[in-house]
Amino acid sequence: MELGDYGMDLGIKGKTALVCASSKGLGLGCARALAGAGVNLVMNARGADALEASAAAIRADFGVEVTAVAADITSEDGRARVLSAAKDVDILVTNAGGPPPGMWSDWEREDFIKALDSNMLTPIALMKALLPGMMERGWGRVVNITSQSVKAPIPQLGLSNAARTGLTGYVAGTSRQVAYAGVTINNLLPGIHSTDRADSLDGGVAKAQGITLEQARENRFATIPARRYGTSEEFGAACAFLCSVHAGYIVGQNILLDGGGVNATL
Ligand code: NAP
């Protein structure tokens with residue numbers, strides 16, 4: 001189901017979006033929702049096969065132009081290749097794999113540098129490259145996929161907590177410096193969504209606790225007020241709305257999509 005199916009015109013048909021890390025999961029959900037609104041895409045992931053398959057499905061389903069660039073978005077060379085294929089980008093969705101879980105006492109400087117590179121400095125570099133063009137044209141949208149861990153720490157994901165909170169601080173200031181030019185920057189904070197990443201985290205818990213994957217999942221459902229995981233389609237629809245003409249006054253916000261999982265009033 002696309003947002004357009006509910007009768008809402010997002011007003012972004014014909015625009016161009018770069019959606020990073022988008023062959024699967026939440027990034028793919030965003031790519032599909034934007035394509036559903038008539039947006040042409042530059043898609044990216046490291047693995048070429050899954051990327052080409054997702055790009056082909058989007059071309060067939062929505063009839064938009066899709067350029068697929070297989071590259072590691074967290075490397076300088078990968079970013080350069082993606083950016084050279086992405087001309088006049090109106091919409092940027094930043095995303096990359098999350099850092100591995102672990103224990104605070106095990107992480108060394110190199111672990112932090114890697115996490116900061118992937119989940120803080122990569123989105124910042126992409127914004128630095130693409131914000132000037134958006135500002136010149138007087139319109140732009142940036143959505144960073146971060147995590148609920150920005151609002152409520154997940155202790156074993158300390159590398160993620162640290163890197164994503166750094167990005168959040170950067171966005172809080174920068175979004176307010178570019179808003180005058182019609183460019184908005186916001187962050188989407190996923191709670192648990194049904195993707196490969198969730199399966200791998202549940203697999204780790206199942207192994208550690210000697211229970212089945214199904215049990216691990218049921219135990220986690222019980223901690224979420226909605227009693228289920230989110231879907232990449234729901235996530236993509238929220239992203240597409242933030243990228244729409246209707247969301248121009250939403251600036252520098254951190255929007256949780258977590259089924260109520262973070263127990264907080266604000
Ligand atoms: P996923 O299902 O594992 O998909 C990750 C996607 O990103 C794949 O297309 C993958 O393709 C691509 N990718 C990963 N590293 C990349 C890199 N360095 N360069 C380019 N592409 C890359 O993950 P997801 O669940 O959608 O999660 C997306 C982000 O949201 C992650 O940072 C995750 O930590 C965060 N998050 C997810 C959840 C959740 O419940 N799913 C919750 C909170 C936060 P290749 O492997 O082929 O590159």
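First listed ligand is number 1; within each ligand, the first listed atom is number 1.
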Nearest-contact summary for atom 23 (O) of ligand 1 - protein heavy atom, Å: R197 CB, 3.6 Å

Heavy atom of G191, distance to ligand 1 below 4.0 Å: yes

Polar contact flag, side-chain donor to acceptor under 3.5 angstrom, N144-T94: yes

Subset of ligand 1 atoms that lie under 4.0 Å from at least one heavy atom of N95: 28 (C), 29 (C)

Pairing of R141 and D90 as salt bridge, 4.0 angstrom limit: no

Numbered atoms and elements of ligand 1 in range of N44, under 4.0 angstrom, heavy atoms: 20 (C), 21 (N)

N/O separation below 3.5 Å, A45 to ligand 1: no

Residues R79, D72: salt bridge by 4.0 Å N-O rule: no

Backbone or side-chain N or O of T146 under 3.5 Å from ligand 1 N or O: no

Polar proximity ligand 1 side, S23 side, N/O cut 3.5 Å exclusive: yes

Nearest-neighbour protein heavy atom for atom 24 (P) of ligand 1, which is reported as residue plus atom name and distance: T195 OG1, 3.7 Å

Any donor-acceptor pair under 3.5 Å from D117 side chain to S75 backbone: no

Salt bridge flag under 4.0 Å for residues R32 and D61: yes

Closest approach of any protein heavy atom to atom 16 (C) of ligand 1, naming residue and atom: R46 NE, 3.5 Å

Contact atoms of ligand 1, heavy-atom distance to G47 under 4.0 Å: 45 (P), 47 (O), 48 (O)

Atoms in ligand 1 flagged as close to L26, the criterion being non-hydrogen separation under 4.0 Å: 26 (O), 30 (O), 37 (C)

Distance filter under 4.0 Å to D72 heavy atoms, resulting ligand 1 atoms: 17 (C), 18 (N), 19 (N)

Nearest protein heavy atom with distance in Å, relative to atom 39 (C) of ligand 1: H193 N, 3.6 Å

Per-atom contacts of ligand 1 with I192, taking only distances under 4.0 Å to non-hydrogen atoms: 40 (O)

Verify atom 8 (C) of ligand 1: protein non-hydrogen atom under 4.0 angstrom away: yes

Shortest protein contact, atom 34 (O) of ligand 1 (heavy atom only): R164 NH2, 2.9 Å

Q148 N/O to ligand 1 N/O under 3.5 Å: no

Gap between atom SG of C30 and atom CG of L242 - 0.5 Å precision: 9.5 Å

Protein contact to atom 31 (C) of ligand 1 [nearest heavy atom, distance to 0.1 Å]: A96 O, 3.2 Å

Test: K15 cationic atom under 6.0 Å from W139 six-membered ring centre, within 45° of axis: yes

Ligand 1 N/O within reach of G97 N/O, cut-off under 3.5 Å: yes

Protein heavy-atom partner closest to atom 5 (C) of ligand 1 - residue, atom, separation in Å: K24 O, 4.6 Å

Polar atom proximity, A198 to ligand 1 (N or O, under 3.5 Å): no

N263, CG atom: more than 12 neighbouring heavy atoms under 6.0 Å: no

Any side-chain donor near an acceptor of the partner, Y229 and R220, under 3.5 Å: yes

Atom pair CG (L26) and OG (S232), whose distance is rounded to the nearest 0.5 Å: 6.5 Å

Residues E234, R228: salt bridge by 4.0 Å N-O rule: yes

Close-contact set for ligand 1 against S147 heavy atoms, below 4.0 Å: 43 (C), 44 (C)

Nearest-contact summary for atom 6 (C) of ligand 1 - protein heavy atom, Å: A21 O, 3.6 Å

Enumerated ligand 1 atoms positioned under 4.0 Å from heavy atoms of A71: 19 (N), 20 (C)

Within reach of ligand 1, part of I145 (heavy-atom separation under 4.0 Å): side chain

